[in-house]
Q: 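This is the structure I have questions about; it appears just below.
Per chain, numbering begins at 1; letters A, B, ... match sequence-line order.
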2 protein chains.
Amino acid sequence: MTRIDDVARLAGVSTATVSRALRGLPTVSAATRRRVLAAAEQLQYAVSPSASRLAGGRTGTVAVVVPRITRWFFGTVVEAVEEFLHDSGYDLLLYNLGGREQVRQRVLRTANLHKRVDAIVLVATPLRPADLTALAELDLPGITISSGSTVPGWPCVRIDDVAAARTATRHLLDLGHRRIAHISGDPTDELAFTTHTDRRRGYREALRRAGLRPDPSLDMESQFTIDGGNQATVELLARGEPPTAIFAACDEIAMGAMTALRDAGLRVPQDVSVIGVDDHDLSGVLGLSTIAQPAAEQGRLAARLLLDPLGTGTVEPYAGRVPAPRGAGGDGTTPMPPVILPTRLVVRESTAPPRAH
Amino acid sequence: MTRIDDVARLAGVSTATVSRALRGLPTVSAATRRRVLAAAEQLQYAVSPSASRLAGGRTGTVAVVVPRITRWFFGTVVEAVEEFLHDSGYDLLLYNLGGREQVRQRVLRTANLHKRVDAIVLVATPLRPADLTALAELDLPGITISSGSTVPGWPCVRIDDVAAARTATRHLLDLGHRRIAHISGDPTDELAFTTHTDRRRGYREALRRAGLRPDPSLDMESQFTIDGGNQATVELLARGEPPTAIFAACDEIAMGAMTALRDAGLRVPQDVSVIGVDDHDLSGVLGLSTIAQPAAEQGRLAARLLLDPLGTGTVEPYAGRVPAPRGAGGDGTTPMPPVILPTRLVVRESTAPPRAH
DNA sequence: CTGAAAGCGCTTACAG
DNA sequence: CTGAAAGCGCTTACAG
């Protein structure tokens, strides 16, 4: 393959000038830049990322860590992040934790990410204290999406999970429900993953504000999956008198719940109302009422906030655009308030008033 | 950060020996290896990927290209590929084309991937002749999953789309249906993307074998999405007498079709039967009959076939394992037959005999 | 605005 | 089994 020397020779300049011209640095005359670009194009030159990274210290790559890419929220977030990163000239290294504890440790704790990426996007990734220490030692910029795991110095984009849960529960209360079950994550989870605890809190707050006392026998632990929702509902129904409504902490749980209810001969919403959180692609198909959250927008916004202080990614030889100045980012220690994006109640067919006794 | 020199000094050997020991090369004595590993651990040493790549010529990274990570099949495939790659010490660079033609060109045609990855996984990615030329110039090993786009020298893992479609259609025929509609991709698409043309072919073959002539007015073009299935079904219903059954080329199309049917006041399966292909996570929830295909298995198998000839990925300093010998792969020109994985008819509630006239 | 030269941190023949 | 030295292909002060 052609190297930078070849381009320099053809253009009649030094390799330093080729390097500058190709990256659009302002310290190159227009005429020189034109000659360099022409030479590069003629030779089909592409920089060697390894050499560029070793010499320049920047990788033009961002690590994106998600629990499970196959879950609606994470897939949607990754898609939006991917688009923004690539449009900005960055590559995306994907890490799908898949619930495997040792994978999480390999990714987060070893110096694996060191010198491999310029920044990290952590999507709803539970962090233990040792993870935080490791991330701090990595000393990379990053951002978290959706999780309550606050990494010092990193911004966070999310929704207000407590408020979303309150709204969902209140919708059921407004319809007249009093026996409202909840299916969410494991409440005793020691990980700093606050999504499910926040949603459980919103559920309880809404009940209390309505003068009701949360009933522990209606409060189920589960995974954030269809199967999890299914199993939790089976167990819930086995406990005795079914609730008249279920608030599921996410749409996938709600879908599993709908299946279990159907299998048990209960109709939605005639016998049991169901509401979730997300507005999953398929919630419309299923007629599932939900609290819609802007997943793609959270991803896009996070990518933008992350990249703003980093400037353009890899070299774009033929684009000729000038990178934005590396504006001062945060100082890495100031605590930043999370960026909260709005949610919205979407009423479909899965919620209705309870039948009269 | 600590460099290889630091480790060499502490272990009392040369950097060459450190390099060999850390990569598990067999030409290092056990005692020396132990000392090096201890030194590396003590110093928390991690190799610089950029330097290693520049010097060694290998990146330890694989590019994975998918049309849309948010679609069930692609997300599931990526998850499986990701797990295999990371377990083998490789990093995964994700490219989500998102239907944007210029993104496809940027990824596939420019020398973008050059020196950036050791291999490429192309999932159901339509390829134009110019793309094939560009890939050939890249001169990298690769593998395709699911697409009919054959890249010379690359293996392919897939299902038999024609047979799958025949099975689905025959299931409807066996139930007694005669007016069977089909919703698939654009039949005039000039891209070498054969999934939808293969499935359409299977549909027609099954009809002909049953002595029926395919009715063009029942053959709809669409996107492989819920919305696509919805719109195509709306259009189908607007054409006049509805079919008694629909064979959708994928489950997401089928889900959109179910929604459109419901919105039109038609019941599934009493008025119209629906069957898809995939066995999407949610097909069980929706009671959708389908042809199940092993998505994760296709991903896992493809990753294995791809990596087998490449050996271990990045350095794993403390694992001390010995890389497999770089067994001779294909010679890059021999045409390879695709690896075909089995599919399976799954009958649920969305298919039933047509009502008597 | 441009160039000569050092240096980024490894791996790989080559020699022993 | 081990080491000295060259080289991978860029970018970056530094000097002009």
Q: I need the CG-P distance between Leu54(B) and dT12(C), as an integer number of Å.
A: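 The answer, rounded to whole Å, is 12 Å.
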
Q: What is the minimum heavy-atom distance between Leu122(A) and Leu135(A), and which atoms define it?
A: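 Looks like CD2-CD1, 3.9 Å.
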
Q: Between the main-chain N or O of Ser19(A) and the side-chain N or O of Arg23(A), is there a donor-acceptor pair closer than 3.5 Å?
A: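 It does hold such a pair.
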
Q: The side chain of Ser14(B) is closest to which nucleotide in this list: dT2(C), dA4(D), dT11(C)?
A: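 Of all the options, the side chain of Ser14(B) is nearest to dA4(D).
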
Q: In whole angstroms, how far is the P atom of dC10(C) from the CZ atom of Arg20(B)?
A: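 Atom CZ in Arg20(B) sits about 15 Å away from atom P in dC10(C).
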
Q: Give a yes/no answer on whether the side chain of Arg23(A) brings an N or O atom under 4.0 Å of OP1 or OP2 in dT12(D).
A: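 Indeed, a polar side-chain atom of Arg23(A) lies that close.
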
Q: Output yes when at least one side-chain N/O atom of Ser29(B) is less than 4.0 Å from OP1 or OP2 of dT2(D), else no.
A: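 Checking dT2(D) against Ser29(B), a side-chain N or O does come within under 4.0 Å of OP1 or OP2.
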
Q: Nearest of dG9(C), dT12(C), dC10(D) to any side-chain atom of Ser52(A)?
A: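 That would be dC10(D).
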
Q: Take the protein atom CZ of Arg33(A) and the nucleotide atom P of dC1(C), then report the distance between them rounded to whole Å.
A: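 Taking atom P of dC1(C) as the reference, CZ of Arg33(A) is at 9 Å.
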
Q: Of the candidate nucleotides dG9(C), dA4(C), dC1(C), which contains the atom at the shortest distance from the side chain of Thr32(A)?
A: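 Looking only at heavy atoms from C-beta outward on Thr32(A), the closest nucleotide is dC1(C).
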
Q: Is there a side-chain contact between Thr15(A) and the phosphate of dC10(D), meaning an N or O under 4.0 Å from OP1 or OP2?
A: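 Thr15(A) to dC10(D) OP1/OP2: no side-chain N or O under 4.0 Å.
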
Q: Rounded to whole Å, how long is the line connecting atom CZ of Arg58(A) with atom P of dT12(D)?
A: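 About 9 Å, once rounded to whole Å.
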
Q: We want to know whether Asp118(B) and Thr59(B) form a side-chain donor-acceptor pair, criterion being a heavy-atom distance below 3.5 angstrom.
A: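 Judged by distance alone, the side chains do pair up.
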
Q: Send over the distance from Leu22(B) CG to dC10(C) C1', rounded to a whole Å.
A: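 That distance rounds to 11 Å.
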
Q: What nucleotide among dG7(C), dG7(D), dG3(C) has an atom nearest to a side-chain atom of Ala55(B)?
A: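 Nearest listed nucleotide: dG7(D).
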
Q: Between Ser29(B) and Arg33(B), is there a side-chain donor-acceptor contact under 3.5 Å, judged purely by atom types and distance?
A: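 Their side chains do not contain a donor-acceptor pair, so the 3.5 Å distance test is not met.
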
Q: I want to confirm an ordering. Mapping Gly56(B) and Val13(B) to their closest nucleotides on DNA chain D, which one lands closer to the 5' end?
A: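 Checking each residue's closest nucleotide, the 5'-ward one belongs to Val13(B).
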
Q: Under 4.0 angstrom, heavy atoms only, what part of the nucleic acid is Thr27(A) near: base, sugar-phosphate, or nothing?
A: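 Base contact - Thr27(A) has a heavy atom under 4.0 Å of at least one base atom.
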
Q: How does DNA chain D look in dot-bracket form if you count Watson-Crick and G-U pairs under 3.5 Å, write [ ] for pairs that cross, and put | where a base pairs with another strand?
A: |||.||||||||.|||

Q: So does Thr17(B) get a side-chain nitrogen or oxygen closer than 4.0 Å to the phosphate oxygens (OP1/OP2) of dG3(D)?
A: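 Answer yes for this pair, as a side-chain N or O of Thr17(B) is under 4.0 Å from OP1 or OP2.
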
Q: From NZ of Lys115(B) over to C1' of dC10(D), roughly how many Å is that when rounded to an integer?
A: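 Whole-Å distance recorded here is 12 Å.
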
Q: What nucleotide, of dC10(C), dC10(D), dG3(D), holds the atom closest to the side chain of Arg3(B)?
A: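 Comparing dC10(C), dC10(D), dG3(D) against the side chain of Arg3(B), the answer is dC10(C).
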
Q: Side chains of Glu137(A) and His114(A): does their closest heavy-atom pair fall under 4.5 Å?
A: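 The answer is no; the side chains never approach within 4.5 Å.
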
Q: Nearest whole Å is fine: how far is dC10(C) P from Tyr45(B) OH?
A: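 Between P of dC10(C) and OH of Tyr45(B): 3 Å.
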
Q: Please report the distance, rounded to the nearest Å, between CZ in Arg9(B) and P in dA4(D).
A: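 After rounding, the reported distance stands at 13 Å.
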
Q: Measure from the side chain of Ser48(B), starting at C-beta and using heavy atoms only, and say which of dG3(C), dC8(C), dC10(C) lies closest.
A: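 Of dG3(C), dC8(C), dC10(C), dC10(C) is nearest to the side chain of Ser48(B).
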
Q: Is there a side-chain contact between Arg53(A) and Arg58(A) (heavy atoms, below 4.5 Å)?
A: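 Of all side-chain heavy-atom pairs linking Arg58(A) with Arg53(A), none is under 4.5 Å.
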
Q: From Thr70(A) OG1 over to Glu82(B) CD, what is the distance, rounded to the nearest 0.5 angstrom?
A: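 With rounding to 0.5 Å, OG1 (Thr70(A)) is 11.0 Å from CD (Glu82(B)).
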
Q: As an exercise, state the distance from CG of Asp91(A) to CG of Leu93(B), rounded to the nearest 0.5 Å.
A: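 If we round to the nearest 0.5 Å, Asp91(A):CG and Leu93(B):CG are 4.0 Å apart.
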
